[in-house]
Q: 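There's a structure below that I have some questions on.
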Amino acid sequence: MGNIIAVTGATGKKSGGAFAKLLSENIETINKMFPGGIRTLVRETSDTSDLEKILPSAEIRKGDLKDQDYLDKAFDGVDTVIHIAGIHSTPTLIEAAARCRVRRVILVHTTGIYSKYKAAGEEYRKIDEKVSGICKENNIVLTICRPTMIYGNITDNNVVVFIKMVDKLPVMPVVNGARYSLQPVHYEDLAKAYFSILTDEETTGNKDYILSGGEPIELRRMLSVIGENLGKRVKFISCPFFIAYAGAWFIYCCTFGKIDFREKVQRLCEPRTYSFEDAKKDFGYAPRVFEEGIPGEIEEYKRMKKA
């Protein structure tokens, strides 16, 4: 049966899982758009119990997103793909989409493409270039979403690291006083953006959207807000960038290149703020600010500690 929507990352605890909930809450709209139904692509090892409760009518196909045979079968009869499971599996996925004559693709990539540091941005730029070329050659309607640092629950692998450090360390070590700005985005705001893009192809087709948080915030302020929510006053000890970078070089040389933190130190002091004006104009994107979004994640962290 045709006119199917295929979704990757729907078992995730971040924006993919939140997007699945939005599909469920708006199932009548989705059924009209895609009378062939919803097909979810998940890993063999994924726990699908929550997904089965949220979207009981959805078809679940287990497999590897880098397996062309699996993708060819999974994309049979698919009209639209929304890929939330990660940028590194995109090249294989887009090749399969072209072979299976998928009409529209929505990709969740990253603002890392804009990094001035080679390793951080070059791989992402190459993937985007390949994807754009294949879509143009095959007349696939392409939309790329570019979130900033994602947060909102303890599986984010980003802000939760800061939460643990603030909670456990008597003094917070930072580089250059942590006086540089970030713009973290809440995973639920991302899910809403994906849904808006999905349901308004006329406006969002063949466009890219930066999906950043409500306002830029200095890392120092982020850490202080985390401390306030933990009931702690954060004390900082700052290391100049040149010392931190020299230390990274020292480790690199002593391990004969096996441990390389050099670019991580560089990116640590790279401002990462981006305007979401296009998303705001096209579909009313209005993400929350960090001070509003972080309390929920910290409450989840506190429950985890007690468990």
Side-chain angles (χ1 to χ4, degrees), residues 1-87 89-90 92-109 131 135 140-145 147 150 155 187-205 209 211 283:
M1 185 180 293
N3 295 325
I4 296 168
I5 178 173
V7 184
T8 73
T11 57
K13 301 297 183 183
K14 295 180 283 188
S15 59
F19 178 74
K21 289 182 180 178
L22 285 176
L23 292 179
S24 176
E25 292 167 1
N26 298 274
I27 197 64
E28 291 185 6
T29 298
I30 297 303
N31 286 340
K32 288 178 182 177
M33 291 180 65
F34 304 102
I38 301 169
R39 182 176 296 163
T40 59
L41 282 60
V42 305
R43 295 188 185 94
E44 290 283 0
T45 56
S46 292
D47 179 359
T48 61
S49 56
D50 287 343
L51 180 60
E52 290 168 12
K53 293 175 184 176
I54 295 168
L55 289 170
S57 63
E59 180 186 1
I60 296 175
R61 295 278 187 99
K62 290 191 173 184
D64 185 346
L65 289 178
K66 294 185 178 180
D67 181 341
Q68 291 284 10
D69 290 337
Y70 163 70
L71 288 173
D72 286 347
K73 293 174 183 176
F75 287 164
D76 181 36
V78 167
D79 173 84
T80 298
V81 174
I82 176 159
H83 177 47
I84 309 174
I87 188 173
S89 54
T90 295
T92 309
L93 181 141
I94 208 70
E95 289 170 356
R99 283 195 306 274
C100 297
R101 300 184 182 279
V102 171
R103 187 187 61 81
R104 186 186 184 200
V105 175
I106 300 168
L107 303 175
V108 179
H109 280 185
V131 165
C135 287
I140 297 173
V141 179
L142 173 65
T143 303
I144 300 180
C145 307
I150 303 172
T155 66
Y187 75 100
E188 291 179 346
D189 293 328
L190 290 178
K192 292 175 183 176
Y194 307 157
F195 189 81
S196 295
I197 289 168
L198 174 67
T199 54
D200 189 0
E201 179 182 341
E202 184 177 353
T203 302
T204 64
Y209 292 103
L211 301 176
F283 54 88

Q: Checking side-chain contact (heavy atoms from CB on, under 4.5 Å) for the pair L23/L55: CA distance, chi angles, key distance, verdict?
A: CA-CA 8 Å; L23 292 179; L55 289 170; 4.2 Å; yes
Q: Using 0.5 Å steps for rounding, measure from the OG1 atom of T199 to the CD atom of E202.
A: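 Interatomic distance, T199 OG1 to E202 CD, rounded to 0.5 Å: 12.0 Å.
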Q: Can F34 and I4 be said to form a side-chain contact (heavy atoms from CB on, under 4.5 Å), step by step?
A: CA-CA 5 Å; F34 304 102; I4 296 168; over 6 Å; no
Q: To the nearest 0.5 Å, tell me how far F195 CZ sits from L22 CG.
A: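 Going from CZ on F195 over to CG on L22, the span is 6.5 Å.
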Q: Salt-bridged, D50 to K13, with N to O below 4.0 Å?
A: yes
Q: Looking at CG of L107 and CD1 of I197, how far apart are the two atoms once the value is rounded to the nearest 0.5 Å?
A: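 If we round to the nearest 0.5 Å, L107:CG and I197:CD1 are 10.5 Å apart.
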Q: Please report the closest heavy-atom contact between A20 and A10, naming both atoms and the distance.
A: CB-O, 4.0 Å
Q: Charged N to carboxylate O under 4.0 angstrom, D72 versus R99?
A: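 Answer for the salt bridge query: yes.
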Q: Are C100 and D76 packed together at the side-chain level, in the sense that at least one heavy-atom pair is separated by less than 4.5 angstrom?
A: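 A side-chain contact is absent here, since even the closest heavy-atom pair is not under 4.5 Å.
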Q: Quick one: pull up OG in S15 and OH in Y187 and give me the separation to the nearest 0.5 Å.
A: 10.0 Å
Q: Is there side-chain contact between R61 and Y70, with at least one heavy-atom pair below 4.5 Å?
A: yes
Q: What's the shortest heavy-atom distance between T203 and Y209, and which atoms?
A: O-OH, 3.7 Å
Q: For the side chain of R39 and the backbone of A74, is there at least one donor-acceptor N/O pair under 3.5 Å apart?
A: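 Yes; judged by distance alone, with no hydrogens or angles, the pair exists.
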Q: Side-chain contact test, heavy atoms from C-beta onward, threshold under 4.5 Å: evaluate it for H83 versus I144 and give yes or no.
A: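 With C-beta onward as the side chain, the pair stays apart.
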Q: Locate the shortest heavy-atom distance separating Y194 from I82; write the atom from each residue and the value.
A: CB-CD1, 3.8 Å
Q: Step by step, would you call E44 with D64 a side-chain contact (heavy atoms from CB on, under 4.5 Å)?
A: CA-CA 7 Å; E44 290 283 0; D64 185 346; over 6 Å; no
Q: Does any non-hydrogen side-chain atom of L190 lie less than 4.5 Å from one of F19?
A: no
Q: Look only at the side chain of T143 and the backbone of T204, and say whether a donor-acceptor pair between them is shorter than 3.5 Å.
A: yes
Q: With rounding to the nearest 0.5 angstrom, report the OG1 to CG distance, T11 to L41.
A: 10.5 Å
Q: Could you tell me if the side chain of R103 sits less than 4.5 Å from the side chain of E201, heavy atoms only?
A: yes
Q: Can you check whether I30 reaches L198 side chain to side chain, under 4.5 Å on heavy atoms?
A: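 I30 reaches L198 side chain to side chain.
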Q: When you compare the side chain of T92 with that of L71, does any pair of heavy atoms fall below 4.5 Å?
A: yes
Q: Compute whether any side-chain donor of one residue and acceptor of the other, for N26 and T29, lie under 3.5 angstrom apart.
A: no
Q: Output, in order, the C-alpha distance, side-chain angles, deciding distance and verdict of side-chain contact (heavy atoms from CB on, under 4.5 Å) for C145 and I106.
A: CA-CA 7 Å; C145 307; I106 300 168; 4.1 Å; yes
Q: Evaluate the side-chain proximity of K62 to T48: yes if any heavy-atom separation is below 4.5 Å, no if none is.
A: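 Answer yes - side chains close enough.
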Q: Could you pull out the closest heavy-atom pair between A85 and T8, with the gap in Å?
A: N-OG1, 3.1 Å
Q: Can you give me the closest heavy-atom contact between V108 and P147, atom names plus distance?
A: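 So the minimum-distance heavy-atom pair works out to CG1-CG, 3.8 Å.
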Q: Measure across Q68 and A96 and return the closest heavy-atom pair with its distance rounded to 0.1 Å.
A: OE1-CB, 3.7 Å
Q: Going from OG1 on T40 to CD1 on I5, what distance comes out if it is rounded to the nearest 0.5 angstrom?
A: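 Reported value, rounded in 0.5 Å steps: 11.0 Å.
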